[in-house]
Amino acid sequence: METERARAPRWRPVPADDVPIHAVVRYRDRGRLVAGTTVDVLDTPGRPALIVRTEDGQHHVAPRAIPLEMQVV
């Protein structure tokens, strides 16, 4: 029997407006992979920008036009 922890995380593309708070997301920003938990939303013209907290406690703003992936449990 395979446990949930043994499985590799699955990711699916998702628009920023469909990402709930506390979801685990990842995206590429200037060639660097940023992965973390969404903690807030900034209202910006046209589309929200997400604030993502990484494992090391840093906060990043996911650019509005960047493709996001959300971890599927």
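The residues of the chain are indexed from 1 along the displayed sequence.
The side chain to side chain donor-acceptor pair (under 3.5 Å) analysis of residues 20-31, with sequence neighbours excluded, yields the pairs R26-E69.
Among residues two or more places apart in sequence or in another chain, the side-chain contact (heavy atoms from CB on, under 4.5 Å) test is passed with L42 by T44, A49, I51, V61. Judged as a side-chain hydrogen bond (donor to acceptor under 3.5 Å, both in side chains), and not counting sequence neighbours, the contacts of T54 are D56.
Atom CG of residue L50 and atom OG1 of residue T38 lie 6.0 Å apart, to the nearest 0.5 angstrom.
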Which atom pairs, donor and acceptor, lie under 3.5 Å between side-chain atoms of residues 9-18 and protein residues at least two apart or in another chain?
none

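Hydrophobic clustering (ILVMFWY, side-chain heavy atoms < 4.5 Å, transitive): I21 and V25 are in one cluster. Hydrophobic clustering, with ILVMFWY side chains joined whenever heavy atoms are under 4.5 angstrom apart, groups V34 together with I66.
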For V52 and V39, what are the C-alpha separation, side-chain angles and deciding distance, and is it a side-chain contact (heavy atoms from CB on, under 4.5 Å)? CA-CA 6 Å; V52 177; V39 293; over 6 Å; no
